[in-house]
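Inspection log for the structure reproduced underneath, given as C-alpha cells.
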2 protein chains.
Amino acid sequence: MLQTTIEMEKAAVILKLLGDKTRLTMMKLIDKQACCVCEFVEIFQFSQPSISQHLRKLKDLGLVNEERKGQWIFYSVNKSNEYYSFMKPILDQLPDQNYKLKELEEQGTRISCC
Amino acid sequence: MLQTTIEMEKAAVILKLLGDKTRLTMMKLIDKQACCVCEFVEIFQFSQPSISQHLRKLKDLGLVNEERKGQWIFYSVNKSNEYYSFMKPILDQLPDQNYKLKELEEQGTRISCC
DNA sequence: AGCTTATATAAGCAAATATTTATATAGTTA
DNA sequence: TAACTATATAAATATTTGCTTATATAAGCT
C-alpha cells in the first residue's frame, strides 16, 4: 500500500496550526460536530476576537468549513480538504473532548445557538 | 480496535515541535538513520548553535536519542519513546528526505564523520 | 600539555504569534 | 428603523520563538 505524501512545507504549516492547544482542541471537537464561536468562547475562556482569529487561521488553510445559521456561524472540520487524511490519524489519537460541551450544557452556559 | 490516546497538552507540545520545517525534516531524516550535528548544519545552512538548539528541544521531550561516537554525536528518533506511535503516522506521510544526504555526498560536503 | 574539531550553552535580538481592546459588519427582533 | 446579538477585523501590545555571535565543554591528535 503506497502511502500518500504531503509537501514538507505544507505539513509543517498544518502541524504548527495544530500545535496550539486551543486550535487542537477545536479541531478535535469539530471533527465530530459543528460548533459556533460562542461555544468556543465559553469553553476556552478567551476573548471572542481571540477565538475568531484562531478559526480564521484554520479557515485560511481550508481546514474548516463555516456555515452561517442566522446570526450564528458554525464551524466544522472540512473533511474534503486535501490534507484531511494527513490530519485524521492525529485527531484520531486525541482523547475525546465532547465532555467540554457536556459541561457547558450542565452549567446551562450553553448558549441559545445550540 | 481501540485507538490509544495521548494527553492534549502533550500532543500540542509535540505538534508544535514538529510544526517547524527544520525540526520536521530532521525527524523524517533520523527516523531512517542516525545523523550527526555537522550534517544538519550542511543540510539546513543554519549556524551550528541553531541546529543544536533544535535538537535540544527534541531531546528534552525524549523524542530523539543521542549517541556519542568519538567527537561526533549522532541523533536518531527514539522509537521506544511513549509518543513515537503518535508521531509515526505523521512521519510516514512525509516525503522521503534522504536525497538531502545524497546531495551532500555528491557535493563531497559530507564531512569526515559519516 | 597544547592545538584542533565537534558540540553545547548563554546572551542578545528580530521576527512571528497570541492576546487584548476598540470598532465594523451582518443578521434578528421590536 | 433602532436596538440587540454574534462575529469579524484592526490596531496595539506582550510573549514566544528562532536565529546569531560569543563562549564553554569535551574528545582526538601531535
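Naming: A, B, ... by sequence-line order, numbering from 1 per chain.
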For [N], does either OP1 or OP2 sit under 4.0 Å from a side-chain N or O belonging to [X]?
{"X": "Arg56(A)", "N": "dA8(D)", "value": "no"}
{"X": "Tyr75(A)", "N": "dA6(D)", "value": "no"}
{"X": "Ser52(A)", "N": "dT7(D)", "value": "no"}
{"X": "Arg23(B)", "N": "dG18(D)", "value": "yes"}

- prompt: Regarding Asn78(A) and Ser80(A), is there a side-chain donor-to-acceptor distance under 3.5 Å anywhere?
  reply: yes
From [options], pick the nucleotide closest to the side chain of [X]?
{"X": "Phe46(B)", "options": "dT17(C), dT7(D), dT20(D)", "answer": "dT20(D)"}
{"X": "Gln53(B)", "options": "dC19(D), dT9(D), dA26(D)", "answer": "dC19(D)"}
{"X": "Pro49(B)", "options": "dT21(D), dT7(C), dT7(D)", "answer": "dT21(D)"}
{"X": "Ser50(A)", "options": "dT20(D), dA26(D), dT20(C)", "answer": "dT20(C)"}

field: Pairing of Lys79(B) and Asp31(B) as salt bridge, 4.0 angstrom limit
entry: yes
query: When you check the gap from the basic side-chain N to the acidic O, do Lys32(A) and Asp96(A) get nearer than 4.0 Å?
result: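 Between Asp96(A) and Lys32(A) there is a salt bridge, with a charged N closer than 4.0 Å to a carboxylate O.
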field: Residue whose nearest DNA chain C nucleotide is more 5′ - Gly70(A) or Ile51(B)
entry: Ile51(B)
- prompt: Which sits closer to the 5' end of DNA chain C, Thr22(A) or Gln71(B), going by the nucleotide each is nearest to?
  reply: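 Comparing both residues, the 5'-ward one is Gln71(B).
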Sugar-phosphate, base or nothing in reach of Lys16(A), heavy atoms under 4.0 Å: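 Sugar-phosphate: the residue Lys16(A), judged by heavy atoms under 4.0 Å, touches backbone atoms but no base.
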- prompt: Ignoring hydrogens and angles, are the base of dA6(C) and the side chain of Gln48(B) linked by a donor-acceptor pair under 3.5 Å?
  reply: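 When only heavy-atom distances are counted, Gln48(B) does not reach the base of dA6(C) through any donor-acceptor pair under 3.5 Å.
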